[in-house]
Every structure is written in structure tokens, then in C-alpha cells.
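Naming: A, B, ... by sequence-line order, numbering from 1 per chain. All heavy atoms count here, side chains included; hydrogens, waters and symmetry mates do not.
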Amino acid sequence: MNKMQDINFFEKVYRVAEMIPYGRVTTYGAIAEFLGQKSSARMVGWAINKSDLNRIPAHRIVNRLGLLTGKQHFGDINIMQQLLENEGIAVSDNKINDFEKFFWDPCKEIDKKLF
DNA sequence: GAATTGACGTTCT
DNA sequence: AAGAACGCCAATT
């Protein structure tokens, strides 16, 4: 039976992911930390894997080094990079340039009380 | 139902 | 400094 009041871990991840602003990026770990489960960054990536790419801007989520580790899941390896560059984020050698500059930390930017 | 798997991150060697 | 090991925990096999 479903606990309808209780939002799934997946659903939480989606909510945060949807809030990532255009032209910014964040990390799996940051989302996990925001959700209060610091060590389950893996789950975040996994949730997104199972998510609907039409709904979630998954290309704005990278690992903590700014590497496009999930590009393999976009069908075509180039899509993720293209989407990022389309938003003004330069990517070279699988890595986001000036990653810290584009990094969007949900802990800082989102009011937890909104959740 | 046990074992394996992950779009990760930290810690230990 | 670089690589291996381990923790995380839901879903899949």
C-alpha cells in the first residue's frame, strides 16, 4: 500500500531536479545532502536514471567533479554535452569548465521549509 | 528472498 | 598522490 503523504525518495529527487535553474548545474551528492541523506548520492543518480528525461533536466546533474558521468544514458553520448553547451555551459573532455562557477547548491538556494 | 547492481562519495591503504 | 575498498539503500534479477 502506498503512503500517499510520504513522498517517495524518487519524487523528492525529481522535485529538486526540477528546480535547477537554466544554465546552472548541481551534483548528485548535493541533492542527496539536501534531502538529508548525505551518503545516498547513489540513490539520486539511480532515481534520475529511472526518471522521465522529459520532465527532469538530468543534463544539469553531474558528479562532484563536474564530469558528465551520465551522458551514456541520454541515448546518444553527445546529447548531454550539447544540452549544457546550449545553456552556456562549456564542456571540455567530458568535464564542465568552471564547474564551481555554475554549481547550484540546493542547500543554499532552496528553502527547506518549502518542502 | 538472497545476490547483484548503480548517472556517487568518502575513507582507507 | 593514486587506487582500492567500503557505505549507502532501493530496485532488479
Side-chain angles (χ1 to χ4, degrees):
Chain A
M1 36 198 262
N2 272 340
K3 306 173 184 176
M4 314 215 314
Q5 298 173 326
D6 221 30
I7 309 179
N8 273 359
F9 185 80
F10 281 30
E11 190 59 28
K12 291 188 197 171
V13 173
Y14 300 159
R15 294 285 180 81
V16 177
E18 284 177 323
M19 297 176 75
I20 303 173
Y22 181 94
R24 305 292 297 280
V25 294
T26 193
T27 68
Y28 308 97
I31 294 176
E33 188 180 0
F34 174 75
L35 295 179
Q37 308 182 17
K38 186 178 178 184
S39 302
S40 25
R42 257 181 146 149
M43 301 280 80
V44 174
W46 212 50
I48 292 170
N49 179 285
K50 277 305 185 180
S51 75
D52 183 1
L53 293 182
N54 295 320
R55 174 185 173 191
I56 310 302
H59 59 281
R60 302 191 187 131
I61 306 177
V62 295
N63 79 346
R64 76 179 175 99
L65 300 175
L67 293 171
L68 278 55
T69 51
K71 67 175 185 179
Q72 209 32 260
H73 294 271
F74 282 79
D76 189 328
I77 291 184
N78 303 319
I79 295 180
M80 186 173 185
Q81 177 168 343
Q82 287 177 358
L83 287 171
L84 289 171
E85 289 178 340
N86 194 36
E87 298 188 2
I89 301 175
V91 176
S92 68
D93 195 24
N94 235 16
K95 180 174 169 295
I96 294 178
N97 296 338
D98 300 323
F99 174 59
E100 294 180 356
K101 181 177 162 189
F102 295 110
F103 179 61
W104 180 82
D105 188 353
C107 290
K108 294 179 183 175
E109 306 293 342
I110 301 179
D111 187 353
K112 291 185 180 177
K113 294 163 189 168
L114 294 178
F115 253 68

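Contacts between residues 54-79 of chain A and DNA chain C, counted as heavy-atom distances below 4.0 Å, involve no residue at all. Annotation: proximity of residues 87-102 of chain A to DNA chain B (heavy atom, distance under 4.0 Å) is found for no residue.
Taking the P atom of each, B/dT4 and C/dA5 are spaced 16 Å apart, rounded to whole Å.
A donor-acceptor pair under 3.5 Å links the side-chain atoms of A/Y14 to the main chain of A/A47, judged by distance alone.
Applying the salt bridge (charged side-chain N to carboxylate O under 4.0 Å, His left out) test to every pair with at least one member in residues 85-99 of chain A, sequence neighbours left out, gives these pairs: A/R60-A/E87.
A pairwise comparison of heavy atoms in A/A17 and A/P57 identifies O-CG, 3.3 Å as the closest pair.
Other residues sharing the hydrophobic cluster of A/L67, ordered by chain and number and joined by side-chain separations under 4.5 Å: A/L65.
With sequence neighbours left out, the ring pair (Phe, Tyr, Trp, His ring centres under 6.0 Å) criterion links A/F103 to A/F99. For A/F102, there are no ring pair (Phe, Tyr, Trp, His ring centres under 6.0 Å) partners two or more places apart in sequence or in a different chain.
The side chain of A/R42 lies closest to B/dG6 when the candidates are B/dA7, C/dA10, B/dG6. Checking B/dC8, C/dT12, B/dG6 against every side-chain atom of A/M43, the shortest atom distance belongs to B/dG6.
For the pair A/W46 CH2 and C/dT13 C1', the computed distance is 11 Å after rounding to whole Å. As a whole-Å value, the separation of A/L35 CG from B/dC8 P is 16 Å. Distance, A/L84 CG to B/dA7 P: 18 Å, rounded to whole Å. Note: CZ (A/F10) to P (C/dA10) measures 10 Å, nearest angstrom.
Side-chain contact check for A/M19 versus A/W104: some heavy-atom pair is nearer than 4.5 Å.
Separation of atoms CD1 (A/I110) and CZ (A/R15) is listed at 11.5 Å; rounding is to 0.5 Å.
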